[in-house]
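Working notes for the structure below.
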Amino acid sequence: MKNHIDEILLKKDLTKQDLVELLETDAKDRKKIYTLSAGIKKNYVGNKVYFRGLVELSNICSKDCYYCGIRKGNRSVDRYMVTEEEVLEAARFALDHGYGSMVLQSGERTDRKFVKMVTSLLDKIKTLSEGKLGITLSMGEQSEETYREWFEAGAHRYLIRIETSNRELYYKIHPRNSKHNYDTRLNALRMLRTIGYNVGTGVMIGLPFQTTSDLADDLLFFKELDIDMCGMGPYIEHEATPLYAFRHLLLPREERFELSLKMVALLRILMKDINIAATTAMQTLDKMGREKALKAGANVIMPNLTPVKYRDDYLLYEDKPCIDEEAEQCITCLEARIHLAGDEIGYGEWGDSKHFTKRNQQQP
Ligand code: 5AD
Ligand code: FES
């Protein structure tokens, strides 16, 4: 006998109400979602997982997001900047180990010195790898000019999470001032698309005050924006942040994890050929979190290549895993984990989002 959830899953287009019901499924019914999303992943993007070697360039940040451990207002963080040679070393490592791409991520800074430093790094990585390494940037809100400068220097993907598509909730988790403006963020996503980047965004799941209706809207927001990539994961509290005061409102960790997994699976069902990351935050709440995310529909993993001596200082949230492991150890562990999830690794490939490639083929 088919139940109501089976019927929803047979529908071609899921409505907001359908998504809310699916997000609220219990342990028995949620397996059905994962079975469907796993099948869609296999058919549309295959079972290859792409590696993006992540370098957390700097924890110097001019913003004060209420959830983030490296916010400007957190005076107990030692601020660092990775050296150029260390980044190039990570690039060489990525190349030698058959990673198709790197991600450079940083706290938000818009001063000219920083912008120029990133441009020069892009040039050097491109030269060093003879154009073989794809480069994703995750450097927050910048001017259109800066986005263009970095695009011309060789970055071709950009990640900037909307964090939540609900404007009111956005202002509950960010200070309400010109530095933290919902429309600026939305506009950044639009600019990046116009310039020609593969555009990625994402949200945090299980935030205080967030409802399943908000999360259903987030999924529809991704679809409406026609994004190429997505990285999302559970919100994890950090003691030295203002949002910590609302921790009594949070779902228990296990439920927060399952909700995040459902978001990954539902996004795969909604947007069949985009790239979806199995994020580190998923692994923080569940030891097998990334493998479970891969099974439920994710196809990208970002092994951390930040030199170990800095990792303690890039704690966006508590209990961040893998802060002691050298990259070499991480890889052996990751390879095993990916095979465990029944996937293969796409060595030496950029692994751009199929969604992006298709959209650009359609346009003259
Ligand atoms: N819990 C989970 N994710 C977080 N991020 C920042 N702080 C936290 C937290 N406490 C995420 C944000 C940001 C990305 C770099 O890290 O979504 O965009
Ligand atoms: Fe750095 Fe949010 S605290 S961008």
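We count ligands from 1, going down the list as the structure has it; atoms in each ligand are counted the same way.
Residues in residues 7-51 take part in these ring pair (Phe, Tyr, Trp, His ring centres under 6.0 Å) pairs, two or more places apart or across chains: Phe51-Tyr99.
Using modelled atom types, no side-chain atom of Glu318 and backbone atom of Ile236 make a donor-acceptor pair closer than 3.5 Å. The main-chain N or O of Thr211 is found under 3.5 Å from a side-chain atom of Asp214 such that the two form a donor-acceptor pair. Judged purely by atom type and a 3.5 angstrom limit, Asp313 has no side-chain atom pairing as donor or acceptor with the backbone of Arg79.
Screening Lys358, Lys41, Arg268, Lys354 for a side chain to side chain donor-acceptor pair (under 3.5 Å) involving Asp273 leaves a single residue, Lys358.
Arg176 forms a cation-pi arrangement with Tyr171, by the criterion of a distance under 6.0 Å to the ring centre and an angle within 45° of the ring axis. Both the sub-6.0 Å distance and the 45° axial angle are satisfied by Arg247 relative to the ring of Tyr244.
Summarising the geometry, atom CD belonging to Glu141 is positioned 9.0 Å from atom CG belonging to Leu189; distances are rounded to the nearest 0.5 Å.
Residues lining ligand 2 at a heavy-atom distance below 4.0 Å are given as Cys61, Lys63, Cys65, Cys68, Arg71, ordered by chain and residue number.
Think of Met204 as one node in a network of Ile, Leu, Val, Met, Phe, Trp and Tyr side chains linked at under 4.5 Å; its network also takes in Tyr66, Tyr67, Leu169, Ile173, Leu207, Phe209, Tyr235, Leu243, Phe246, Leu249, Leu250.
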Atom pairs and distances, ligand 1 N/O vs protein N/O under 3.5 Å:
from, atom 1, to, atom 2, distance (Å)
ligand 1, 1 (N), Ile236, N, 2.9
ligand 1, 1 (N), Ile236, O, 3.4
ligand 1, 10 (N), Tyr67, O, 3.0
ligand 1, 10 (N), Ile236, O, 2.7
ligand 1, 17 (O), Arg161, NH1, 2.8
ligand 1, 17 (O), Glu163, OE1, 2.5
ligand 1, 17 (O), Glu163, OE2, 3.4
ligand 1, 18 (O), Glu163, OE2, 2.6

